[in-house]
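What follows is a short report on a single structure.
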Amino acid sequence: MASSFIVTRETKSGARRFVVRYRLSGRAWPVQHGGSLSTMREAHARRDLIAGELAAGRNPGEAREVADLTGHLRVEIP
């Protein structure tokens with residue numbers, strides 16, 4: 001089963017970063033990086049976007065590469 005989650009990290013300067021990670025399938029698949037964000041709000045938005053891609057059966061990494069090239073996939077945070 002695919003999953004996405006947020007891990008909190010502390011930088012050398014003491015700032016907190018929120019790292020989004022995900023798996024494409026069960027335990028046999030490696031954990032992949034979904035982004036490192038400065039606020040929990042942005043991390044939740046990214047995690048939800050990744051979870052939606054996983055639920056639709058798509059690879060979030062490929063969707064992110066396409067979005068980076070075209071600029072069409074943007075997350076609006078209210």
Side-chain angles (χ1 to χ4, degrees):
M1 174 179 226
S3 63
S4 59
F5 52 96
I6 299 171
V7 177
T8 304
R9 297 280 184 197
E10 190 170 319
T11 63
K12 289 182 182 180
S13 64
R16 291 175 66 186
R17 298 292 294 183
F18 302 95
V19 180
V20 180
R21 297 190 174 174
Y22 66 93
R23 283 185 197 266
L24 292 176
S25 193
R27 289 190 295 187
W29 291 78
V31 174
Q32 297 186 352
H33 182 75
S36 176
L37 303 145
S38 59
T39 66
M40 182 62 92
R41 181 182 233 178
E42 292 173 335
H44 278 291
R46 176 73 58 91
R47 184 201 58 197
D48 293 344
L49 178 70
I50 288 173
E53 290 294 309
L54 291 171
R58 295 186 292 258
N59 183 347
E62 291 173 2
R64 186 173 174 202
E65 289 172 7
V66 169
D68 288 343
L69 294 175
T70 62
H72 292 308
L73 184 63
R74 297 180 191 249
V75 178
E76 293 293 326
I77 301 173

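We use all heavy atoms of the structure for the numbers below, so side chains are in, but hydrogens, waters and symmetry mates are not. Numbers here are sequence positions counted from 1.
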Report task. Taking all heavy atoms of Ala43 and all of Phe18, pick out the closest pair and write down the distance. Result -> CB-CB, 3.7 Å

Requested in this report: May I ask whether Ile50 and Val19 are part of the same hydrophobic cluster, defined by side-chain heavy atoms of I, L, V, M, F, W, Y residues being less than 4.5 angstrom apart, directly or through others?
Outcome: no

Query raised in the report: Do the non-hydrogen side-chain atoms of Pro60 and Leu54 ever get within less than 4.5 Å of each other?
Result: yes

**Report entry** Between CG on residue Asn59 and CD on residue Gln32, distance to nearest 0.5 Å
**Finding:** 6.0 Å

Query raised in the report: Listed by chain and number, what are the side-chain hydrogen bond (donor to acceptor under 3.5 Å, both in side chains) partners of Arg16, not counting sequence neighbours?
Result: none

Side-chain donor-acceptor pairs of residues 3-12 under 3.5 Å, sequence neighbours excluded:
| unit_1 | atom_1 | unit_2 | atom_2 | d |
| --- | --- | --- | --- | --- |
| Thr11 | OG1 | Ser13 | OG | 3.1 |
| Thr11 | OG1 | Ala15 | N | 3.1 |
| Thr11 | OG1 | Ala15 | O | 3.3 |

Query raised in the report: Side chain of Arg21, backbone of Val31: donor and acceptor closer than 3.5 Å?
Result: no

Query raised in the report: Of all heavy-atom pairs between Ser38 and Arg17, which one has the smallest distance, and what is that distance?
Result: CB-NH1, 3.4 Å

Query - Beyond-backbone contact of Leu24 with Pro30, side-chain heavy atoms, under 4.5 angstrom - result: no

Query raised in the report: Would you say the side-chain atoms of Arg47 and His44 include a donor-acceptor pair closer than 3.5 Å?
Result: yes

